[in-house]
2 protein chains.
Amino acid sequence: MTATTGLRVLVVDDHDVVHWGFRLLLDRQSWVESCDGAAGLQEAVEFAANLRPDVALIDLMLGADSGAEACSAIREVSPNTKVLLISGAGRISPAVARSAGASGFISKDWGAADVVKAVRMIALGSEVFAEGGPGDSVGLSDREREVLGLIATGATNREIAGNLFLSPHTVKEHTSAIYRKLGVRNRAEAVRSAQGLGLLG
Amino acid sequence: MTATTGLRVLVVDDHDVVHWGFRLLLDRQSWVESCDGAAGLQEAVEFAANLRPDVALIDLMLGADSGAEACSAIREVSPNTKVLLISGAGRISPAVARSAGASGFISKDWGAADVVKAVRMIALGSEVFAEGGPGDSVGLSDREREVLGLIATGATNREIAGNLFLSPHTVKEHTSAIYRKLGVRNRAEAVRSAQGLGLLG
DNA sequence: CGTCAAACCCCCCAAAAGGGGGGTGCGAAT
DNA sequence: ATTCGCACCCCCCTTTTGGGGGGTTTGACG
């Protein structure tokens, strides 16, 4: 639905449990085409060079290696790969993560659904830098919030258009923007997400 | 979407404000084809006989006439018309309302959205008898709740089918049942409604 | 001054949704 | 003993959705 073609994901983590956990989690998503894993920096760079993954999930504590290093190394051999850094215990400043070329930074204790959503948002071009937790300030425009409210009432795009005196196509563009910003695929999930974020009454 | 053809609604109320309020409210709904009004019993019966409305909204306090009487009278001349009784202040037992042939009974201080929803639910064949308020115990089956939960994650019917080892078509029947029971037209509204009813985590 | 994002409009397309009809079997209730 | 809700399967159909292009204007911000 979002994905015209599935995403290729690379998981880099030296702990087998984490590593396989993510792979099982992501392989289950219909928009994930393939999900491979690497245990160390060298292996990760090889994979990245060959597979050109869309997203790389990199653990910050890569044994002897640093996650930030791995991030730079991967983006050197595969510049189109978006990197999502994952912290176990330690913290990292968004600035450091950004300068390493990462598109996002999350904590390992996020729920599975939120991690999955973060991967999707990054693949779609958003950045995810967690300060306090998932879903801080999504930054919908006024119009988008208005459309979102009508979506939640079950209105079709045509009805929304009639209500707001717009063309149905413009409404679709707003909905697309909403989905992108919320990291969501469709109306139903958008409503759920919006409720969780307190964007709806 | 729900309506292959729009609903015809008749509003019976001797207070002009209420009367027009409902008409304005309902005319705005895309699934309402026409919405006429009558001020008294006789007028109401005439309208019902000619227009054969799908739903009649009847005020309980019809001046000298009783709303329950009007209900019986209307269903005599137009048996397919579903009747929704509306109480201003007074209360009526569901038993009395049922024996008069009403499909539902609500209070005037319900929110606009809930009244609209009640009309739709009745038109779809459900009964709406308010005890404590709108949306008491919708009575989804286990399977339906399961499907609803997946809908809220943005899953498509095909994905739900894969997850629950069903055919996509069976999933669609569950979704239809969910929509009917919640008085809702589509996934987005179902998610919103379910949240409000506490059916989702 | 340019630039950028928001908001609006048009075209196209494939996929999904939603509703209609038909059917089966089960178990619980009347 | 028959009815009713639940769960499951098949066919058909139209509408809606979501994404892909392309474009304009406006107003804010540097």
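The figures that follow rest on heavy atoms only: side chains count, while hydrogens, waters and symmetry mates do not. If you're wondering where the values come from, they're calculated on a predicted model, not measured in any experiment. Below, chains carry the letters A, B, ... as their sequence lines are ordered, and counting in each starts from 1.
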task: Take A:R158 and A:E173, find for each the nucleotide of DNA chain D with the closest heavy atom, and name the residue whose nucleotide sits nearer the 5' end.
output: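 Result: A:R158.
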Salt-bridge present (B:R185, A:E159; N to O < 4.0 Å):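 The answer is yes: the pair qualifies as a salt bridge.
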Starting at atom [atom1] of [X], determine the distance to atom [atom2] of [N], rounded to an integer number of angstrom.
X: B:R185; N: C:dG18; atom1: CZ; atom2: P; result: 11 Å
X: A:N186; N: C:dA15; atom1: CG; atom2: C1'; result: 12 Å
X: A:E144; N: C:dC8; atom1: CD; atom2: P; result: 10 Å
X: A:D142; N: C:dA7; atom1: CG; atom2: P; result: 7 Å
X: A:I160; N: D:dG18; atom1: CD1; atom2: P; result: 10 Å
X: B:I151; N: C:dA16; atom1: CD1; atom2: C1'; result: 13 Å
X: A:R143; N: D:dT26; atom1: CZ; atom2: C1'; result: 14 Å
X: B:E189; N: D:dT16; atom1: CD; atom2: C1'; result: 15 Å

- prompt: From the list C:dC9, D:dC6, C:dA7, which nucleotide is the closest neighbour of the side chain of A:S141?
  reply: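 The closest nucleotide is C:dA7.
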- prompt: Which nucleotide, D:dT16, C:dC8, D:dC6, lies nearest any side-chain atom of A:T156?
  reply: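 Given the options D:dT16, C:dC8, D:dC6, the side chain of A:T156 is closest to D:dT16.
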message: Test of understanding: with salt bridge (Lys or Arg N to Asp or Glu O under 4.0 Å), list the residues that count as partners of B:R75, not counting sequence neighbours.
response: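 Partners of B:R75 under the salt bridge (Lys or Arg N to Asp or Glu O under 4.0 Å) test: none.
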- request: Under the salt bridge (Lys or Arg N to Asp or Glu O under 4.0 Å) rule, collect the residues that match up with A:E43, sequence neighbours excluded.
  value: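 Result, salt bridge (Lys or Arg N to Asp or Glu O under 4.0 Å) vs A:E43: none returned.
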Any side-chain N or O of [X] below 4.0 angstrom from OP1/OP2 of [N]?
X: A:N157; N: D:dT16; result: no
X: B:H174; N: D:dC8; result: yes
X: B:R187; N: C:dG18; result: yes
X: A:S176; N: D:dG19; result: yes

- request: Only counting residues at least two apart or in another chain, list the ones meeting side chain to side chain contact (heavy atoms under 4.5 Å, CB included) with B:A102.
  value: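 B:A102: side chain to side chain contact (heavy atoms under 4.5 Å, CB included) contacts with B:C71, B:V83, B:L85, B:A97.
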message: Taking side chain to side chain contact (heavy atoms under 4.5 Å, CB included) as the definition, give me every residue that meets it alongside A:N157, ordered by chain and number, with sequence neighbours left out.
response: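 Counting only residues at least two positions away or on another chain, A:N157 forms a side chain to side chain contact (heavy atoms under 4.5 Å, CB included) with A:I160, A:V171, A:K172, A:T175, A:R187.
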message: The criterion is side chain to side chain donor-acceptor pair (under 3.5 Å); which residues satisfy it with B:T153, sequence neighbours excluded?
response: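 B:T153 satisfies side chain to side chain donor-acceptor pair (under 3.5 Å) with no residue once adjacent residues are dropped.
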Could you run down the sub-3.5 Å N/O contacts of the protein with nucleotides 11-13 of chain C?
{"residue": "C:dC11", "atom": "N4", "partner": "A:H169", "partner atom": "NE2", "Å": "2.7"}

- request: Look at the side chain of A:N186 and the backbone N and O of A:E189, then say whether any donor-acceptor pair between them is shorter than 3.5 Å.
  value: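 Pair found, side chain donor or acceptor close to backbone of A:E189.
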message: Heavy atoms only, 4.0 Å cut-off, all strands: where does B:T170 land among base, sugar-phosphate and nothing?
response: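 Here B:T170 touches the bases of the nucleic acid.
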